[in-house]
Amino acid sequence: MEQGLLTETDPVVALIDIAGIRASAAALRIAFEEVTGAPVLHAFAVKAAPLVPVLRLLDSEGIGAEVASPGESALALAAGVRPERIVLDSPAKTRAELTEALRLGIAVNADSLQELDRIDTLTGAGTGTGTGTRTASAAGSGLGPGLGPGSGGSRLGLRINAQIGAGAIGALSTATATSKFGVALCDEGARERVVRACLDRPWLTRLHTHSGSQGLGLELMAQGVLAVYELAEEINAAAGRQQIDTVDIGGGLPVNFASDEEDPTFADYARTLRDAVPGLFDGRYGLVTEFGRSLLAKHGTVLARVEYTKTAGARPIALTHAGVQVATRTVYDPASWPLRIAAYDAKGAPKTGAAVVQDIAGPACFAGDLLAEARELPLLEPGDTVAALDTGAYYFSSHYAYNSLARPGVHGFLADAGGVRFTTVRAPQTVAEIVAESGGDRPDALL
Ligand SMILES: *Cc1c(COP(=O)(O)O)cnc(C)c1O
């Protein structure tokens with residue numbers, strides 16, 4: 001408040017805790033160093049915070065990037081993440097995306113056997129028929145020396161759906177019987193087809209699984225990893241060599257949104273995995289991880305000014321500038337995504353006073369645009385500030401353009417004895433930019 005970050009033109013801002021991100025990155029590295037001596041690539045799931053300076057900060061902490069679209073790939077490259085530290089997942093990669101990833105040496109996890117056929121075709125490493133009668137080789141790669149699969153270029157894997165079942169949030173559970181992701185391992189004949197597909201492609205050296213995001217227990221997540229480890233062992237036994245040398249265990253470590261406590265921790269998860277799947281940690285397998293939410297959620301905050309207050313049906317309501325545009329999931333599915341709200345006065349001091357049940361509403365024009373409903377807080381007044389806590393992942397960074405509300409500015413901060421220093425990560429979107437992005441340069445296009 002003293003430094004004037006919240007203004008009349010920018011009544012909502014997002015803050016990122018630089019030291020907090022560094023600490024979480026270090027905790028992640030240490031957690032896995034303690035359970036395996038094999039190489040581990042931690043690839044941050046870019047969709048959780050698609051901001052170039054954040055990716056660069058993570059890169060400086062030894063964390064690579066997991067990407068799932070041309071935009072996310074470009075962000076990771078713009079952040080200076082080296083291609084060999086980038087992993088491309090996505091259920092709908094185009095030929096152009098695959099070609100570019102293979103050219104650059106970005107690791108690719110194929111989502112289906114169809115996609116393996118497509119990679120065969122693109123690299124000249126197979127016929128693309130997927131019939132399993134031919135032993136593919138990278139020798140005929142059309143990508144030039146060093147760029148074909150298995151020849152020092154892209155590391156290639158196959159995503160497996162171990163079909164272990166759903167967690168608490170259906171929309172984020174990727175290992176259900178009918179999930180759209182990966183090869184459904186328990187379906188009739190699928191296991192045999194996967195083993196065959198791997199044996200036919202000696203350059204296929206990774207298996208990938210990601211069972212879901214938020215709402216999954218550690219034991220369930222470990223079951224998914226166990227299933228994929230057992231498949232890797234089966235493939236390696238059939239190949240008579242360690243063809244699968246790396247298992248990508250995905251992300252999905254749940255975040256505690258109810259308090260400041262980080263629970264579970266990366267160390268809890270790493271130990272759970274080692275206990276459930278000891279063979280994966282005996283040094284024979286490299287690992288890739290793809291954590292998103294658990295690295296960033298606790299290190300972001302949305303601040304918004306209370307513009308007006310009113311009562312309706314005796315319920316006090318604070319009309320703020322933070323709503324569906326920055327907290328989309330919470331607004332549309334409040335039961336699955338409750339957020340803690342902190343209240344501050346006009347000077348930024350924690351608001352005091354008796355707790356009153358009130359709604360914290362956003363600025364968008366639909367009734368459901370509530371950051372929190374029936375929440376007990378000191379009674380808010382115009383000019384106060386509310387903070388939506390734990391919003392560092394999947395919130396302000398994944399703006400929703402409803403009502404043409406501007407993307408808020410994002411500022412990193414470092415606090416030390418000298419005070420708090422802010423640095424802009426993303427400038428607030430201007431009204432002129434909104435017009436330009438909305439066909440403003442061709443108003444007559446439909447006349
Ligand atoms: C979303 C996603 C992640 C990250 O999930 P978090 O819950 O944010 O850790 C990792 N891998 C894949 C394939 C994903 O789709």
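Residues take their numbers from the sequence shown, with the count starting at 1. One-based numbering, in listed order, for ligands and for the atoms of each.
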### Query
Are F32 and H42 near enough that their ring centres are under 6.0 Å apart?
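Yes - the distance between ring centres of F32 and H42 falls below the 6.0 Å cut-off.
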
### Message
Just checking Y332 against F366, ring centres under 6.0 Å apart?
### Response
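Yes, close enough.
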
### Donor-acceptor side-chain pairing of H399 and Q429 below 3.5 angstrom
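No, no side-chain donor-acceptor pair sits under 3.5 Å.
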
Nitrogen or oxygen atoms of [X] and ligand 1 under 3.5 Å apart:
X    : value
D89  : no
H208 : no
R159 : no

### Query
Quick one: do E115 and K93 make a salt bridge, cutoff under 4.0 Å?
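Answer for the salt bridge query: yes.
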
#### Entry: Salt-bridge criterion met for R155 and D245 (N-O under 4.0 Å)
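So R155 pairs with D245 through a salt bridge.
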
### Message
In this structure, does ligand 1 have an atom that sits under 4.0 Å from one of the heavy atoms of F181?
### Response
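It does not, in that no heavy atom of F181 comes within the 4.0 Å cut-off of ligand 1.
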
Contact atoms of ligand 1, heavy-atom distance to [X] under 4.0 Å:
X    : answer
E290 : 3 (C), 4 (C), 9 (O), 10 (C), 11 (N), 12 (C), 13 (C)
R293 : 6 (P), 7 (O), 8 (O), 9 (O)
G252 : 5 (O), 6 (P), 7 (O), 9 (O)
G251 : 9 (O), 10 (C)
F291 : 9 (O)

#### Entry: Pairs flagged by ring-ring contact (aromatic ring centres under 6.0 Å, His included) wherever residues 92-125 is involved - sequence neighbours left out
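As it turns out, there is no ring-ring contact (aromatic ring centres under 6.0 Å, His included) pair with a partner in residues 92-125 once direct neighbours are skipped.
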
